Structure formats: C-alpha cells, structure tokens
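First the structure, in the form of structure tokens, and then the observations on it.
Owing to the predicted nature of the structure, the values given are computational and were not obtained by experimental measurement.
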Amino acid sequence: MLIDFNKKGQVALLVTVLLTITAIFFQSALNPSKSLEESSAVGGVIEDIVDVVVKPSQPNESKPNTPADDAEKPSDTPASSDKADADSGKSDSKEEPSENDNSFKINMPKLRKAAHFIEHGILGIEMFFLVMIIEKNRGSSGKAALRPISLLLTLYFGMFVALVDETIQIFSSRGYSIKDVWLDISGYATFTVLLFLIFTLRRCLNKNNISVE
C-alpha cells in the first residue's frame, strides 16, 4: 500500500512539474505588451492588498482631530470664518495629494525579477521532492535519501529550463537577458540546495538520536 501511495505521489509530482514548466514557458512566449499587462495586473492586486492592510490605521488617526478642531474654530474666531474656510480648503487640497503619495506603489521591474526567481524556485522545490520519491522507491530500505549525483542532475535540469525559458523570449520579441538566466538558475538552486541541507541535517539528527538510544 505504501509503494502504491509513493507511485501515486510520484505521478502527481511529475504532473505538477510539467504544469509548472508549461506555465513558465507560456509566460515567456507572451509578447511584450501582453506580458507587461499581466505584470501590471498582478502589481495592481498587490498594491490594493497592501493599501487595504496599511491604510485603515491612517483615517482613524485623523478623525478624532477634525471634530474637535471644527468645534473650537467657530467659537474662538467667528468673524474670521472665511479665513478658516479658506485655510480648511487649503488643508484639504494638500491632504489629497499626500494620500496619493502615501499609497503603496509596486516597482514593476523588481516585481518581474522577483517573479523569475520565485517561479523557478517553486520548480526547484517540486523537482527536489520528485527526485526524493524516485530515490525512495528505488532504495531497498524505503527511506528517502537524495544522492549527490541526483542533486547535481536536478540542478542541471534547472539550468536547462532556465536557458530554454530565455530562448523562448527571443521568439516572442522580448529579448534575451543573461541576467534573467542567472536569476532563474539562482532561484532554482537556492530552494533546491536549501531543502537538501534541511533534509541532510534532519537525517543526521535522526541518526544521532537512534545511536543514543
């Protein structure tokens, strides 16, 4: 039953890897205007979420001050109501652009670079667990252990995907960027190597616990 479950998990991860690669290549195949449009849409969603989370604290701070000021101004200076209105109009006009200035604005170039790093990092995570399941099914002990050669082949696969990804952009008129290739590879390698170190450390700790008992 355990082997059947592992085989199902292996198939499921393989399908997930293929879908992720398809999504990466599909994004690279988009023309520049369409790609920028999608990036702007994602950036707009992020800006809206940040504004919803951050902005509610700002109006609450300004509300207690306005009623008190409005109540004091007519009683203290009734003759200079026009000046007070003019001053309030000036203050209101100054507050409107300040709210626009304080609104969160996403940096689109940095967002696109982060997307490269994250999407290939996700692919690295999926490939790591896929290879772990394959190694577990092959081993006689039934324990997952990623060999260094398997890790190296996994990293080579990530480099290959990054190169193909940037090559597709040549045909979509978006151009080829060496920086993006290295960014894709670094995202893939960072998550893969990090998981490898975590699993290696965990195995070492488990061995030490067994030996002590």
Side-chain angles (χ1 to χ4, degrees), residues 1-32 34-35 38-39 42 109-211:
M1 184 65 180
L2 183 61
I3 297 178
D4 293 338
F5 176 78
N6 287 334
K7 287 182 178 179
K8 291 179 181 178
Q10 181 176 334
V11 173
L13 271 175
L14 179 59
V15 173
T16 304
V17 167
L18 293 176
L19 290 176
T20 302
I21 295 175
T22 303
I24 292 174
F25 290 168
F26 176 78
Q27 291 295 326
S28 297
L30 295 176
N31 57 60
K34 185 64 176 177
S35 176
E38 290 195 357
S39 300
V42 174
K110 291 183 179 180
L111 175 64
R112 295 171 70 89
K113 298 299 181 183
H116 276 272
F117 186 89
I118 293 174
E119 64 185 7
H120 283 264
I122 293 174
L123 178 62
I125 294 174
E126 295 169 354
M127 280 297 302
F128 176 84
F129 284 106
L130 175 61
V131 175
M132 287 285 287
I133 291 179
I134 294 175
E135 293 285 348
K136 184 176 181 179
N137 290 336
R138 289 181 57 188
S140 58
S141 61
K143 295 182 179 179
L146 186 63
R147 296 174 297 172
I149 184 64
S150 299
L151 176 64
L152 186 61
L153 292 175
T154 304
L155 294 175
Y156 279 138
F157 177 79
M159 294 174 60
F160 173 76
V161 173
L163 290 172
V164 174
D165 183 27
E166 290 301 314
T167 303
I168 293 175
Q169 293 189 9
I170 298 177
F171 300 98
S172 61
S173 302
R174 291 172 57 184
Y176 186 91
S177 175
I178 299 296
K179 292 181 180 180
D180 287 346
V181 174
W182 283 108
L183 188 62
D184 297 343
I185 295 174
S186 62
Y188 185 97
T190 298
F191 285 90
T192 303
V193 174
L194 183 61
L195 285 175
F196 176 77
L197 294 176
I198 292 174
F199 272 78
T200 302
L201 179 62
R202 184 179 177 182
R203 288 186 62 201
C204 293
L205 292 177
N206 290 336
K207 287 181 178 180
N208 291 335
N209 291 335
I210 293 174
S211 63

Pair Tyr156, Leu152 - check side chain to side chain contact (heavy atoms under 4.5 Å, CB included), show working.
CA-CA 6 Å; Tyr156 279 138; Leu152 186 61; 3.6 Å; yes

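- Side chains of Ile134 and Gln10 form a contact here, defined as non-hydrogen atoms less than 4.5 Å apart.
- When side chains are defined from C-beta on, His116 does not count as touching Lys179, because their heavy atoms never get closer than 4.5 Å.
- Here the closest non-hydrogen pair linking Ala162 and Asp184 is CB-CB, 3.6 Å.
- Nearest heavy-atom pair across Phe25 and Val161 is CE2-O, 3.8 Å.
- Distance CG/Leu195 to CZ/Arg202: 12.0 Å, rounded to 0.5 Å.
- The structure places CH2 of Trp182 at 13.0 Å from CD of Glu166, a figure rounded to the nearest 0.5 Å.
- A distance of 10.5 Å separates CG of Leu14 from CD1 of Ile133, quoted to the nearest 0.5 Å.
- Residues satisfying the salt bridge (charged side-chain N to carboxylate O under 4.0 Å, His left out) test with Lys113, not counting sequence neighbours, are Asp180.
- The structure places CG of Leu123 at 11.5 Å from CG of Leu19, a figure rounded to the nearest 0.5 Å.
- A 4.5 Å side-chain heavy-atom check between His120 and Ile24 finds at least one atom pair inside the cut-off.
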Could you go through the side chain to side chain contact (heavy atoms under 4.5 Å, CB included) check for Val164 and Ile168 one step at a time?
CA-CA 6 Å; Val164 174; Ile168 293 175; 4.1 Å; yes

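- The minimum heavy-atom distance between Leu130 and Leu13, with the atom names listed, is N-CD1, 3.6 Å.
- The closest side-chain heavy-atom distance from Thr154 to Phe128 is not below 4.5 Å.
- Here Leu155 contributes atom CG and Ile185 contributes atom CD1; the two are 10.0 Å apart, rounded to the nearest 0.5 Å.
- Contact between Thr20 and Glu119 at its shortest, heavy atoms only, is CG2-O, 4.4 Å.
- Looking only at side-chain heavy atoms (C-beta outward), Gln169 and Ser177 stay at 4.5 Å or farther from each other.
- Between Leu30 and Ser172 the shortest heavy-atom distance is O-CB, 3.6 Å.
- We find the CD1-OH distance between Ile122 and Tyr188 to be 13.0 Å, quoted to the nearest 0.5 Å.
- Nearest heavy-atom pair, Ser186 versus Leu183, reported as atom, atom and distance to 0.1 Å: OG-O, 2.7 Å.
- Aromatic ring orientation, Phe117 versus Phe191: tilted (interplanar angle from 30° to 60°).
- Aromatic ring pairs are classed by plane angle as parallel below 30°, tilted from 30° to 60° and perpendicular above 60°; the pair Phe157 and Phe160 is tilted.
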